[in-house]
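Atoms within a ligand are numbered from 1 in the order they appear, just like the ligands themselves. Worth knowing before you read on, the calculation uses all heavy atoms, side chains too, and leaves out hydrogens, waters and symmetry mates.
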Amino acid sequence: MAKRLDGKVAFITGASSGIGAAMARDFARRGADVVLTARRWERLEALALEIRAQGRRAVVVQCDVTVDGDLEAAAAEAVDKLGRIDWVVANAGFGVAGWFHRRDLADYRRQFETNVFGVLRAAFATFDALQASHGCFAVMGSVMGHVATPGSSPYAMSKHAVRALATALRHEWRPRGVSVTLLSPGFIDSEIRQVDNEGRRNPEARDTIPRWIRMRTDTAARKMVSAVVRRKREAVVTFHGKVAVFLSRYAPGLFDSLVRVFGVRSSRTKNST
Ligand SMILES: NC(=O)c1ccc[n+]([C@@H]2O[C@H](COP(=O)([O-])OP(=O)(O)OC[C@H]3O[C@@H](n4cnc5c(N)ncnc54)[C@H](OP(=O)(O)O)[C@@H]3O)[C@@H](O)[C@H]2O)c1
């Protein structure tokens, strides 16, 4: 039986689809109120209606994590309307893929602006509220924060960077009563593979990752919310993700050979070279 979270508040970036939306649903199912942020306002409103119908409070704030000030305004509105923030999930992100020699600096900057500076903006914007509640800051990393494969350098770099941030903040914020959880999922059902290197969505795009290996979004969200609520240091989610992280750490030569032998490459490399 999951611990009840009544009277507490979860603040989620990138709550309009995929993992962020599913985590918001799971926090609400356990009794928490939620703050939903992203750029697609209609999606957030639809999710908020669904959550309010279950008797929980849901505040929608349209916000772009690449814009200075948006997250500060969102955090202020959250505290104003709901009184507190207990959990932050810095989840908003997308993937820039492709071989290094076909990419340019702008690709790496665009990737970092959302996946790294977006997480930093969330941390700066919510730290005071988290210190007041002795809450938890969750960083959405990835298995690609532990490994890197051909064609993945922009995305893998961004996820390695936020993994380092999570580790440093965990040490720094512990004495202030704020815990930090790193979330490192493998392949999860979501809309991420419909988004191109410029951040544009194509709803017609087929997911290039085979269905059998992708974890259901609600299953992944349940595991990640549990990890955050229990103040775990890190949750590596999916069996294939755990195997990849284990091999890359304890058998790096074998892991490299597997990448070479099986031609493992970023899922969108072919589309984006
Ligand atoms: N799915 C996977 O296999 C997988 C695996 C490992 C890690 N992850 C990570 O999980 C996180 C969520 O991705 P997802 O898989 O759930 O993909 P998704 O369905 O595409 O969701 C991405 C979310 O991020 C938001 N977002 C993107 N750019 C934003 C910006 N500039 N400002 C505000 N919000 C922004 C999107 O909202 P709007 O477009 O409405 O703004 C959307 O809500 C990402 O950090 C991703 O790297 C995913």
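Put simply, the residue from Asn202, Thr208, Asp207 that forms a side chain to side chain donor-acceptor pair (under 3.5 Å) with Arg193 is Asp207.
Within a 6.0 Å sphere centred on CZ of Arg230, heavy atoms belonging to other residues, nucleotides or ligands number 12 at most.
Below 30°, between 30° and 60°, or above 60°: for Trp173 and Phe127 the angle between ring planes is between 30° and 60°, a tilted geometry.
With 3.5 Å as the limit, one finds no donor-acceptor pair spanning the side chains of Arg39 and Thr66.
Other members of a hydrophobic cluster containing Val67 are absent, since no ILVMFWY side chain comes under 4.5 Å of it, directly or through relayed contacts.
Around ligand 1 you find Gly14, Ala15, Ser16, Ser17, Gly18, Ile19, Ala38, Arg39, Arg40, Cys63, Asp64, Val65, Thr66, Asn91, Ala92, Gly93, Thr114, Met140, Gly141, Ser142, Tyr155, Lys159, Pro185, Gly186, Phe187, Ile188, Ser190, Glu191, Ile192, Arg193, Arg201, each with a heavy-atom distance below 4.0 Å.
Residues Met224 and Val237 meet the side-chain proximity criterion, which asks for heavy atoms closer than 4.5 Å.
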